[in-house]
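What follows is a short report on a single structure.
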2 protein chains.
Amino acid sequence: MALGRAEAGKIESGVRAMAENMADRKKAILRAVTDDYISTAEPVGSRTIARKYGLGVSSATIRNEMADLEEEGYLEQPHVSAGRIPSDKGYRFYVDSLMPERNLTGLEEKKIRAECAKRSDEIQSLIRATAKVLGELSNCASIVIGPGVKTAEIRHIQLVPFSSDSILVLVVTNAGLVEHKILSIEHEMNPVDLENMSRMLNHRLRGRSLSQMRGKVLRDILSDLDAYASFLEQMFELLLSAIRSSDENRVYVDGLMKLLGQPEFSEIERARPILEFLESDDLVLTELSGSASRGLGGAQVTIGSENTREELRECSVICAPYGIRGQVVGTIAVVGPTRIDYSLTIALVAHIAESLSDLLTRTQSIK
Amino acid sequence: MALGRAEAGKIESGVRAMAENMADRKKAILRAVTDDYISTAEPVGSRTIARKYGLGVSSATIRNEMADLEEEGYLEQPHVSAGRIPSDKGYRFYVDSLMPERNLTGLEEKKIRAECAKRSDEIQSLIRATAKVLGELSNCASIVIGPGVKTAEIRHIQLVPFSSDSILVLVVTNAGLVEHKILSIEHEMNPVDLENMSRMLNHRLRGRSLSQMRGKVLRDILSDLDAYASFLEQMFELLLSAIRSSDENRVYVDGLMKLLGQPEFSEIERARPILEFLESDDLVLTELSGSASRGLGGAQVTIGSENTREELRECSVICAPYGIRGQVVGTIAVVGPTRIDYSLTIALVAHIAESLSDLLTRTQSIK
DNA sequence: GTTTAGCACTCACAGTAGTCGAGTGCTAAA
DNA sequence: TTTAGCACTCGACTACTGTGAGTGCTAAAC
C-alpha cells in the first residue's frame, strides 16, 4: 500500500514501531545511504559513508550496521563486493520517517508561476504547460490528467448553428472545460429555435453532471420540447458517446526524455515497458484514477513493488490530485526510478497540484 | 533538396541522367542492396545478393559492380570487411527510380478507416487518432500537425455568457477547428446584448481569417458597436494573443516507442537528439511548415543529410500536407531511420493525408 | 571485353585470461 | 562495543586470440 507524506500522522502502527525501535545511528546510516544513492546512482559502501557523512564511527562499524539493515530488509546488495542500495522497504521508511524537509527554491517557484500563469486562460494550454514544467523540474516523466467531462457539472450548454445540416453543441463544465461536438441534423433549424432550445437546456441541465443526463431529467426535457424530440434524442445519444471517448484525451505526458536520461534507463530495454505504459493513455488513466479518491492535499508516493502494474515495478510514482473549490477534478504525477529524489519531487508535486487548484478555482469559478 | 515521388516527372536533369545511363544490372544490384538492408538492417554482401536475388551472375561480378557503385557514391561500407549499405544518395536514387510500387493491403486500409472514422466528429480526436494509426502502421515516429487557427477563415463566432464577470468567445474556423477563450469583463453584460454582438461579429467577420482581423475591418466594427468599443478592443486583443500561442498546441506526436524499437536507435544516445526534437513542438512545427507550401497530393521525402536540422541527419522524413477543399491546412509526417521502408511509408503517408483531407472536407464543409 | 574462380587480406565480434580495486565479512584486539 | 586488519569476492576493464563474413586483386575462362 502506498502511504503519503501527508498521512504521516496516521501511519500504520507496524511502521511506526519500526521507526521507534530503530537506533538513531542506524537511521542516520540508512538516511546517508539513501541520500547518497539518490544523488549518485552508485551503490554506496561503508567507507563512503564514513568519509562523506561524519557519523564519528569507523567504516567497520558502519559495515556491521549495514549488514543488520540488509538483514532487516532495508538495504540490498547488487552483488557481494558492491556497496548497498536501498530496497523498496528502505525507500518507504526513508520517505515516511527520514527524508529531509524540502521547500522549493525561489527559482523553482518562479518558473512554475511563470509557465502556468501565462497559459491560465485556456485549460488545455494550462494542462500542457503544467506537464511540461513538472517534467522539467523533476527530471522525470510527468503526467497530468485533465479534468474529465463525465462527472463534471454542466455550467453552460449552447447550440450554435454550424452549417445547413449540422449544429455545434457546446458544453462548458464547472472545471472550465469546454467540450464541443458537431451534430448532423436532418432538416435545417432556425437560429431562434436553437437559441430557445439552448435556454431551455440550460435551465434544465445546469448544475447536473453529464452522466446524470439520462432517465427522468431527459424525459422531462423531451416532453417540454416535444417538437424537437427526435432531434434531442439523437443529440443526447451522440453527446453521451462523445463523452465516453473524450476521456482518452485527458492524459498529457511530458519529460519522456528526462526519464531516458536517468542512468537506470540507459539501456532501452529497461525503459521500453515504462515508456509503453506512458504512451497508452487509458492505462495511465486507470492506474492513476485511484489516487483521486484520496482527496486534495499532499502527495502520495508509490514505491517500486508497491505498484500493482508490472511495468512500474522499477519505478516510483508520486502523484497528487488537484481540484476546484475543494472538489477533485484531476491528478498530476511524476514517474521516475525508485531512486527518485523523493524530497524534491514530493514538494514539487504537492506545490504544483496546489497552485493548479488555486489557479483553476480563481479563474474558473462561477461567482 | 527533397524530391517527392509525386514530382518524379519533373525530376532534375542531373538525377535523370544518372538514372538513364546506369546499367540495368547495376540498378538491380542497388535495388537489391537497398531492399535487403531496409528489411534486415545488416550490411549486405555480394554473396547474399547473388544467392537471394537471382541475378544470374556470380558474387565476384556483383562485387565489382558494388565497388563501382561505391565509387559513384551510391553505396558505402561501414568498414572494409563488411557488406555495403546505401548512402543517402543511394536512397535518393532508390526512392526516385528503383523503389517498387506499393499499395496498402486491405488490412492496413481497414485499420486506417476504422481508427479515423470513429473519431471524425471531433477534430482533436481525429488528429490524435491519425497520429496513432500512422505511428502504428509505419513502425516509426509519426507527427500530425493540426489545422491552425491563424490563417483559417472564420466560419462562426459566438459570445456565450460564462459567469458574472466573464464571457466565452467561441470561434469556429472553416477547418472545423473550434477555439475558445474566456474573457474577463468589467461589468455584467446581458445575454441579449451578447447575442446581438455575436450576430454583428458574424456578419462582419465570416469568411475572413483571424490574422486579417485588424485594421479597417476592426475599426468598422468598433464604430458600429461603439457602445461596446472598449470591451471589443479588449476582446480582440486577447483573441489575437490567444491565437498566437495556440499554434503550439497543434503538434501531435506518436509512436516514439516504435522509433526506439528500430535497431539504429537501440543505443539511447543515438535516439536522444531525435526524441528531443520531437518533444519540442515549435521545432517540429517550423521544420515541417515548409512542406505545406508544396500543395496537396503526394508525399515528400527528405533523406538523411538532406535534412537541414542537425538532429535529423540520421533520419528520413516522409511528409504530406492535407487540406480542406483543396486548401492546405496541416501536415502529417513520419520520422524514421534512413533505412525506413520508403515504399510502404510513402504509400501510407500519401493515403492517410488523402483520407484525412476527404474526411475533413466531407464532415467540415459549409454547404 | 566480361565474367568467374581462387586467394590473400582486413576487421568486427566473441570468447578467454589476467589484473585491478572497491567493498565485504570475519576475527581478534582495544 | 568499536576498530584495525586481512582474506576473499566479484564486477569492470584490458589484452589477446580465433573465427568468419566480406572484400580486392589477379589470372584464367568464356
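Naming: A, B, ... by sequence-line order, numbering from 1 per chain.
- In this structure, A:Asn307 contributes its side chain and A:Arg313 its backbone to no donor-acceptor pair below 3.5 Å.
- Between the CE atom in A:Met66 and the NZ atom in A:Lys26 there is a gap of 12.5 Å [rounded to 0.5 Å].
- A salt bridge is absent between A:Glu264 and A:Arg270; no separation between the charged side-chain nitrogens and carboxylate oxygens falls under 4.0 Å.
- Ion pair A:Glu269/A:Arg272 flagged as a salt bridge, since at least one NZ, NE, NH1 or NH2 atom sits closer than 4.0 Å to an Asp/Glu carboxylate oxygen.
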Worksheet item: Where does DNA chain C pair, written as one dot-bracket string 5' to 3', with Watson-Crick or G-U pairs under 3.5 Å, ( ) inside the strand, [ ] for crossing pairs and | for another strand?
Response: ||||||||||||||||||||||||||||||
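- Atom CZ of B:Arg25 and atom C1' of C:dT4 are 12 Å apart (whole Å).
- Each of B:Leu344, B:Thr345, B:Ile340 was evaluated against B:Tyr342; a single residue qualifies, B:Ile340, per the side-chain contact (heavy atoms from CB on, under 4.5 Å) test.
- Of the side-chain N and O atoms in A:Thr61, none sit less than 4.0 angstrom from OP1 or OP2 of D:dT2.
- With hydrogens and angles ignored, the 3.5 Å screen pairs no side-chain donor or acceptor of B:Gln262 with any backbone N or O of B:Gly336.
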Item to complete: At under 4.0 Å between heavy atoms, which parts of nucleotides 13-30 of chain C does protein reach? Answer with one letter per nucleotide, 5' to 3': B base, S sugar-phosphate only, - none.
Response: ---------BSBB-----
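- A heavy atom closer than 4.0 Å to some atom of DNA chain C occurs in no member of residues 28-42 of chain A.
- One atom, CG of B:Leu55, and another, C1' of C:dT3, lie 14 Å apart when rounded to the nearest Å.
- Under the side-chain contact (heavy atoms from CB on, under 4.5 Å) rule, B:Ser87 has a single partner from B:Glu72, B:Glu76, B:Glu70, which is B:Glu76.
- Residue-environment remark: NZ (B:Lys111) stays at or below the threshold of 12 foreign heavy atoms within 6.0 Å.
- Inspection of the A:Tyr53 and A:Asp36 side chains reveals an N or O donor paired with an N or O acceptor under 3.5 Å.
- Using modelled atom types, one side-chain atom of B:Glu306 and one backbone atom of B:Ile303 make a donor-acceptor pair closer than 3.5 Å.
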